Amino acid sequence: MNNFTKAVRGPFTIAEFALTSTLMQFAPVNLRQWQNYIEQEIGFVLPERQLQWLVNAIEGTAISNGLSAQELWCQLPKNTELRQCLLDNVLIHESRFFRHQPSIDFVVKCALQHKQVSDIDSLVRIWSVGCANGQEVWSLAMSLSAKRFLDYKILGTDVSEQAIKNARLGQYDERQRGLIPQPFQQFIEPFSTKRVKDKVSINSLSPASKMMDVNSNTYGDWQVAPILQSYVSFAVHNIFEKEPPTAHLQHVIICQNMLLYFRKFDQRDILNRLSEQCALHGYIILAPGEALFWRPSNMRRIAHPQVNVWQKISA
């Protein structure tokens with residue numbers, strides 16, 4: 001019996017029993033098996049309070065592809081498109097513009113300081129890990145460009161293909177626009193409003209996209225100004241894997257509010273990989289309170305009242 005098909009032994013919680021019963025109309029596969037599959041693929045561990053999200057993702061993926069949940073389960077090992085569709089639906093693409101202003105301010109300060117001490121042609125390279133739909137990347141681009149700092153490249157990566165497609169488009173609804181401070185409104189421009197149902201079949205949307213449709217009924221009310229496009233790039237990348245998304249070392253790596261979905265030993269492995277991709281004297285920025293257990297010999301934690309930041313002190 002291989003890792004994909006083996007059943008997980010152990011008692012269910014009351015919540016798991018309740019949620020599993022909703023799956024039984026589709027397939028005799030218990031919810032714990034689905035959880036294990038997702039963790040084996042991308043290391044992603046859904047908290048128990050979010051198991052209904054997993055059920056919705058399974059049901060949505062199966063129905064949109066004309067399958068039962070059991071048929072979906074059987075086809076996952078041999079169908080990469082179905083696998084990616086399920087992962088896109090499971091992943092929680094939670095992000096927003098200027099989510100943590102102190103971290104953004106720290107990056108801008110680092111970029112300006114780097115330029116003062118580096119060669120005139122040296123680019124500041126920034127990597128946003130788990131960028132979701134791209135709001136963090138565009139927030140950084142707006143902040144740097146507002147300072148007339150143009151010698152930078154920002155890479156945004158996420159394991160979700162759908163999230164990366166959205167990030168590249170740079171099109172968002174009116175609620176997101178309200179999160180952008182006035183000094184940075186110069187970097188957005190109108191875009192023709194279009195209902196989601198006119199843009200794409202509702203069955204092909206992730207659960208998160210469906211919820212956005214319910215709340216706003218629009219998608220693409222405005223877009224990031226094309227002037228920023230040349231400074232950013234996006235790529236599908238699984239941080240759970242050892243291979244980095246680029247050969248370039250990064251001056252700043254931002255990985256916020258993502259580690260909480262991984263087990264502690266996986267968090268440590270991910271952080272060690274990030275430190276390998278960080279340039280000497282570069283920085284890794286985590287969300288406040290994240291990974292306080294980390295004690296790498298080649299990094300030191302910077303004393304900052306609002307930002308959880310580490311600097312690389314040795315190769």
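What you see is a predicted model, and the numbers here were worked out from it, not measured in a lab.
Note on V236 and V137: same hydrophobic cluster, where clusters join Ile, Leu, Val, Met, Phe, Trp and Tyr whose side-chain heavy atoms are under 4.5 Å apart, directly or indirectly. Placement of I313 and V307 in two distinct hydrophobic clusters is found when ILVMFWY residues are connected by side-chain heavy-atom separations under 4.5 Å, directly or transitively. Linking Ile, Leu, Val, Met, Phe, Trp and Tyr residues whenever their side-chain heavy atoms come within less than 4.5 Å places V108 and F106 in a single cluster. Put simply, I227 and L140 are part of the same group of oily side chains (I, L, V, M, F, W, Y) that touch within less than 4.5 Å, one to the next. Linking Ile, Leu, Val, Met, Phe, Trp and Tyr residues whenever their side-chain heavy atoms come within less than 4.5 Å leaves I239 and V45 in two separate clusters.
Aromatic pair Y261/W53: centroids not less than 6.0 angstrom apart. For an aromatic pair to be called close, the ring centres must be under 6.0 Å apart, and F44 with W34 fails this.
Looking at R96, its side chain never comes within 3.5 Å of a backbone N or O of Q176 through a donor-acceptor pair. Between the H251 side chain and the R125 main chain, a donor and an acceptor come within less than 3.5 Å of each other. With hydrogens and angles ignored, the 3.5 Å screen pairs no side-chain donor or acceptor of Q277 with any backbone N or O of I253. Looking only at distances, a side-chain donor or acceptor of R273 sits under 3.5 Å from a matching main-chain atom of F240.
Using a 4.5 Å cut-off on side-chain heavy atoms (C-beta onward), Q223 and L169 make no contact. The side-chain heavy atoms of R32 and Y37, taken from C-beta on, include no pair separated by under 4.5 Å.
Across Q33 and W73, no two heavy atoms sit closer than the pair O-CH2, 3.7 Å. Closest approach of L259 and Q267 over heavy atoms only: O-NE2, 3.1 Å. Across Y152 and S145, no two heavy atoms sit closer than the pair OH-OG, 2.8 Å. Residues A163 and N133 share a closest heavy-atom pair of CA-OD1, 3.5 Å. Between T157 and I164, the shortest heavy-atom contact is C-CD1, 4.1 Å. Of all non-hydrogen atoms in R168 and A235, the two that sit nearest each other are NH2-CA, 4.0 Å.
Inspection of the R300 and Q311 side chains reveals an N or O donor paired with an N or O acceptor under 3.5 Å. Remark: the D88 side chain and the S160 side chain contain an N/O donor-acceptor pair separated by less than 3.5 Å. Side chains of Q256 and E290: a donor-acceptor N/O pair is absent below 3.5 angstrom, by distance only. A donor-acceptor contact closer than 3.5 angstrom is absent between the side chains of N36 and Q40. D105 and Q101 are linked by a side-chain donor-acceptor pair at a separation below 3.5 angstrom, with hydrogens and angles left out of the test. Side-chain contact of N89 with T61: a donor-acceptor pair under 3.5 Å is present, judged by distance alone.
For R263, the salt bridge (charged side-chain N to carboxylate O under 4.0 Å, His left out) criterion is met by E39, not counting sequence neighbours.
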Evaluate side chain to side chain contact (heavy atoms under 4.5 Å, CB included) for V224 paired with V232, printing each intermediate quantity in order. CA-CA 12 Å; V224 176; V232 307; over 6 Å; no
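Exactly one residue among Q171, R175, R177 makes a side chain to side chain donor-acceptor pair (under 3.5 Å) with D173. That residue is R175. Under the ring-ring contact (aromatic ring centres under 6.0 Å, His included) rule, F97 has a single partner from F187, F184, W222, which is W222.
More than 12 heavy atoms of other residues, nucleotides or ligands lie within 6.0 Å of CG in L179, so this atom counts as buried by the packing criterion.
Relative to the six-membered ring of Y283, K312 misses at least one condition, a distance below 6.0 Å or an angle of at most 45° to the axis.
Between W127 and H237, the two ring planes are perpendicular [angle over 60°; tilted spans 30° to 60°].
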